[in-house]
Amino acid sequence: MARGSAGESVLHRHLRVLESFDAWHPFLTLSEIADAADVPRSTAHRLIAELEREGLLERLPDRTYRLGVRLWEFASRTPGAVGLREIARPWLGAVHERVRQHTQLGVLSGRDVLFIDRMSTREAVVNATLIGGRIPLYASSSGLVLLAHADAALVSEVVAHGLRTYTNRTIHTGAELRDELRRVREEGYAVTEGAIHPESRGIAVPVMGPGGTVYAAIGVVVPNDGVSPHGYVELLRRAAAGIAHDLAVAYRPDVDERTHGIRSLVSGSRRSIEYLESLDTDPHDAGSLPSSGPRAVL
């Protein structure tokens, strides 16, 4: 792989450009991208042109840039995030109908929990979660669930990186964090009371994957009113069990690769899935035709 003068890969420079964008800065000028990515303006111009050519950035009439929809297209093909989101969404919706606050789904991403879905009501309590947004593992109930079942090396890395304090209820020492992770493993759920905002409480449980490992965390953010969390925990556990069951069905090893892929990523009517499974190629590609014979439906 080609590398820049400082030994940094070209791919990493492109990623730094893409990482310049976030929910607070969805539109950036060339100069703003150069500053955020910490690269010379001439380098930013070249990197942006390459990303634009590939559809990963889009230039707008006012000469600003935004992330390209091709990134969404790539993300939609991964069972680790968008596929999981499709599978989990009915269960997320069922929880949300009961809670009517915030219900969310998170996965492990480095030292953070990455939220891939969220449902909220307009009058709900304060919540810092954004779809596609991150929160440090130690500060979120979903993050604590994920960290509690991660390698011990990740716990040490999180502590070594420093524990930012959001409120006086945020976990702020390594000893406190390790004690809390032990409790989460023993009790099977995590609660954070006012850890990010004083009036909000997070409650989360693990979602088990087909391999018996923790695949994700499903949680709620509700008022920090001192009410017992056990009702929320039982509701979340039922949803987590439903997601785990549907994941196991989607990832069954007794189907061929093509069927396995479709069922892992797509939700829809039974007949729609049968139709997709009958195709030899992606139906969105030009010239795709159904196969000559019917396929077995599992």
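By convention here, the first residue in the shown sequence is residue 1.
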Next item on the list: Would you check, one step at a time, whether the test side-chain contact (heavy atoms from CB on, under 4.5 Å) holds for Val214 with Met208?
Entry: CA-CA 5 Å; Val214 173; Met208 306 306 293; 3.9 Å; yes
Note to self: Distance alone, cut at 3.5 Å: any donor-acceptor contact between the side chains of Thr43 and Arg41?
What the structure shows: no
Margin query: Could you tell me if His25 and Glu32 have a donor-acceptor pair between their side chains, going purely by distance under 3.5 Å?
Written below: no
Item checked: Worked verdict on Leu144 versus Glu180 for side-chain contact (heavy atoms from CB on, under 4.5 Å) -> CA-CA 8 Å; Leu144 289 173; Glu180 182 61 19; 4.0 Å; yes
Check: Given Arg238 and Glu234, is the salt bridge (Lys or Arg N to Asp or Glu O under 4.0 Å) satisfied, shown in steps?
Finding: CA-CA 6 Å; Arg238 289 195 295 271; Glu234 290 308 311; 5.2 Å; no
Notebook entry, point to check: Rest of the hydrophobic cluster containing Trp24 (Ile/Leu/Val/Met/Phe/Trp/Tyr, side-chain heavy atoms under 4.5 Å)?
Noted result: Leu130
Next item on the list: Could you label the plane-to-plane angle of the Tyr189 and His230 rings as parallel, tilted or perpendicular, counting under 30° as parallel and over 60° as perpendicular?
Entry: perpendicular
Next item on the list: With the side chain counted from C-beta on, respond yes when Leu57 and Val17 share a heavy-atom pair under 4.5 Å apart, and no when they do not.
Entry: yes
Next item on the list: Answer yes or no: does atom CD of Glu199 have more than 12 heavy-atom neighbours from other residues, nucleotides or ligands under 6.0 Å?
Entry: yes
Check: Is Arg59 salt-bridged to Glu52, going by a charged N under 4.0 Å from an acidic O?
Finding: no
Note to self: Do Gln104 and Asn127 pair up side chain to side chain, a donor and an acceptor below 3.5 Å, judged on atom types alone?
What the structure shows: yes
Notebook entry, point to check: To the nearest 0.5 Å, how far apart are CD1 in Ile218 and CH2 in Trp91?
Noted result: 10.0 Å
Note to self: Regarding Arg100 and Glu97, does a basic nitrogen lie under 4.0 Å from an acidic carboxylate oxygen?
What the structure shows: yes
Checklist line | Distance under 6.0 Å and angle within 45° of ring axis: Arg237 vs Tyr232 | finding: no
Check: Do Glu186 and Arg183 meet the salt-bridge criterion of a basic N to acidic O distance under 4.0 Å?
Finding: no
Next item on the list: Mind checking the CG-CG spacing from Leu56 to Leu18? Nearest 0.5 Å is all I need.
Entry: 6.5 Å
